[in-house]
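We use all heavy atoms of the structure for the numbers below, so side chains are in, but hydrogens, waters and symmetry mates are not. Everything numeric in this text was worked out from a predicted model, so none of it was measured. By convention in this document, chain letters (A, B, ...) are assigned in the order of the sequence lines, proteins followed by strands, and residues within each chain are numbered from 1.
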2 protein chains.
Amino acid sequence: MQQLEELVASLREEGFRITPQRIAIVDYLLKTEEHPSAEHIHKTIQKKYPMVSLSTVYKTLDLLKEKKLVNEIEVEGEARFDAHTDEHINLVCMNCGKIEDIDEDSLKEIQNRVAKKSKYLIVKGSFEMFGYCNNCKSKFN
Amino acid sequence: MQQLEELVASLREEGFRITPQRIAIVDYLLKTEEHPSAEHIHKTIQKKYPMVSLSTVYKTLDLLKEKKLVNEIEVEGEARFDAHTDEHINLVCMNCGKIEDIDEDSLKEIQNRVAKKSKYLIVKGSFEMFGYCNNCKSKFN
DNA sequence: TTTGATGCAAACTTTTTGCAGGAAC
DNA sequence: GTTCCTGCAAAAAGTTTGCATCAAA
């Protein structure tokens with residue numbers, strides 16, 4: 001988990017200006033485990049910082065994605081964001097919508113095998129698994 | 001790979017009507033390896049069958065998804081469709097946009113491990129890997 | 001003949017863009 | 001003071017929906 005100060009420093013070093021809006025967005029992304037959508041980020045940080053527009057959220061997320069400081073995953077036609085940039089599997093609960101991360105040591109191994117088999121140069125993997133979480137699964141057995 | 005006749009029979013058995021539009025869509029999906037978008041399906045089959053509207057494509061895709069006769073994957077905010085419903089890894093070339101399938105025997109094993117670790121009931125996995133295909137990769141080394 | 005399917009147009013959702021004003025440097 | 005960023009409003013892109021018409025059964 002990165003610290004706010006580190007991320008802000010990275011942005012400053014790249015020549016980007018540090019604005020209250022950017023701090024609010026980055027701060028929230030680092031603290032949450034929710035894999036929020038742009039809309040959700042916007043609504044949440046508006047409680048604390050009412051002066052952040054949705055388009056600024058989108059523009060900041062683009063910036064952070066480009067600098068590899070956040071990852072984007074797609075769930076049901078909506079982009080969701082995650083400042084935990086280590087490779088992991090996203091587990092999506094099809095009932096309550098929760099997204100959980102799982103570190104999975106064998107991911108790298110799979111990527112290597114696929115690379116060998118396909119002759120692709122693999123840059124990243126996106127692993128989403130869908131199912132029912134521990135709380136919800138009793139309803140679907 | 002399923003045959004057109006089988007798929008059409010499945011639909012008929014479920015009580016759905018067999019229309020020229022549905023045949024055109026299903027026929028194209030079975031023949032292509034392109035993982036087309038709805039828009040692309042529409043454009044392509046219009047050459048042969050000019051009387052297919054985009055909303056019918058969407059409605060038919062919804063039907064096929066529901067009946068598990070096609071899978072949907074998201075690439076860059078757009079839904080892409082695939083009649084190859086066996087579990088596999090989708091390899092997306094970040095240069096030319098091609099999507100290739102790879103059967104990967106260890107997928108099931110990974111799913112089992114993740115299920116055990118997370119206590120989730122895993123229903124399906126979506127595995128996309130992004131990189132550069134054999135033709136494009138020389139440009140990115 | 002009786003549904004269910006089609007196709008248009010309009011609505012909706014998520015994301016992107018242009019630009020004038022404002023804030024960071 | 002200069003340049004980059006913000007936020008509005010408008011547009012774009014992808015998808016869904018309502019409804020009158022049409023065709024499969």
Side-chain angles (χ1 to χ4, degrees), chain A residues 7-29 35-46 48-67 69-82 97, chain B residues 5 7-28 35-46 48-67 69-82 97:
Chain A
L7 252 184
V8 166
S10 313
L11 286 175
R12 181 170 277 129
E13 271 159 40
E14 303 264 8
F16 297 111
R17 293 191 176 164
I18 307 307
T19 65
Q21 289 89 338
R22 287 177 177 177
I23 291 181
I25 293 164
V26 162
D27 184 36
Y28 173 58
L29 277 172
H35 304 67
S37 64
E39 185 71 42
H40 187 212
I41 295 169
H42 181 232
K43 282 214 178 96
T44 306
I45 64 183
Q46 272 206 328
K48 232 173 145 181
Y49 310 83
M51 67 313 177
V52 180
S53 75
L54 185 55
S55 59
T56 295
V57 172
Y58 276 109
K59 283 166 185 168
T60 302
L61 288 170
D62 273 352
L63 197 77
L64 295 169
K65 273 193 296 181
E66 213 175 289
K67 296 296 151 197
L69 301 173
V70 305
N71 284 335
E72 180 181 354
I73 69 168
E74 300 261 352
V75 181
E76 289 163 15
E78 187 185 61
R80 309 276 294 263
F81 300 89
D82 187 1
Chain B
E5 294 74 27
L7 252 184
V8 166
S10 312
L11 287 176
R12 181 170 279 128
E13 271 159 38
E14 303 265 8
F16 297 111
R17 293 189 177 166
I18 307 308
T19 64
Q21 290 88 338
R22 287 178 176 177
I23 290 180
I25 293 164
V26 163
D27 185 36
Y28 173 58
H35 302 69
S37 63
E39 184 72 43
H40 187 213
I41 296 169
H42 181 232
K43 282 214 177 97
T44 306
I45 65 182
Q46 272 206 327
K48 234 172 145 181
Y49 309 85
M51 68 312 178
V52 180
S53 75
L54 184 56
S55 60
T56 295
V57 173
Y58 276 110
K59 283 167 184 166
T60 301
L61 288 170
D62 272 354
L63 197 77
L64 295 169
K65 272 192 297 180
E66 212 174 291
K67 296 297 153 198
L69 300 173
V70 305
N71 283 335
E72 180 180 355
I73 67 168
E74 300 262 352
V75 181
E76 289 164 14
E78 188 185 61
R80 309 276 294 263
F81 300 90
D82 187 1

Review point. Distance from Leu7(B) atom CG to Ile25(B) atom CD1, nearest 0.5 Å?
Key: 12.0 Å
Exercise for review: Treat primed atoms plus P, OP1 and OP2 as sugar-phosphate and everything else as base, then score nucleotides 15-25 of chain C 5' to 3': B for base contact with protein heavy atoms under 4.0 Å, S for sugar-phosphate contact only, - for none.
Suggested key: BBBB----BBS
Point to revise | Side-chain heavy-atom pair Tyr28(A), Pro36(A) within 4.5 angstrom cut-off | key: yes
**Study point:** Heavy-atom side-chain proximity of Leu11(B) to Leu69(B) below 4.5 angstrom
**Key:** yes
Could you pull out all donor-acceptor pairs under 3.5 Å where a side-chain atom in residues 70-80 of chain B meets a protein atom, sequence neighbours excluded?
residue	atom	partner	partner atom	Å
Glu72(B)	OE1	Lys65(B)	NZ	2.7
Glu74(B)	OE2	Gly77(A)	N	3.0
Arg80(B)	NE	His35(B)	O	2.6
Arg80(B)	NH2	His35(B)	O	3.2

Practice item. Please list all pairs passing the salt bridge (Lys or Arg N to Asp or Glu O under 4.0 Å) test where one or both residues lie in residues 7-22 of chain A, with sequence neighbours left out. Key: Glu14(A)-Lys67(A)
**Study point:** Angle of first-five versus last-five pair axes in the helix from dT1(C)-dA25(D) to dC25(C)-dG1(D), to 10 degrees
**Key:** 40°
Study note, to complete from the structure: Sequence neighbours excluded, the answer for side-chain contact (heavy atoms from CB on, under 4.5 Å) partners of Tyr58(A) is Ala38(A), Leu54(A)
Point to revise | With sequence neighbours excluded, residues passing salt bridge (Lys or Arg N to Asp or Glu O under 4.0 Å) with Asp82(B) | key: none
**Study point:** Separation of dG7(C) C1' from His42(B) NE2 (nearest whole Å)
**Key:** 9 Å
Point to revise | Segment of DNA chain D, first to last nucleotide, that comes within the 4.0 Å heavy-atom reach of chain B | key: dG14(D) to dA25(D)
Point to revise | Gap separating the OG1 atom of Thr56(B) from the CD1 atom of Ile45(B), nearest 0.5 angstrom | key: 9.0 Å
Point to revise | Partners passing side-chain hydrogen bond (donor to acceptor under 3.5 Å, both in side chains) against Gln46(B) (at least two apart in sequence or in another chain) | key: His42(B)
Exercise for review: Spell out, as yes or no, whether a donor-acceptor pair under 3.5 Å connects the side chain of Thr44(B) to the backbone of His40(B).
Suggested key: yes
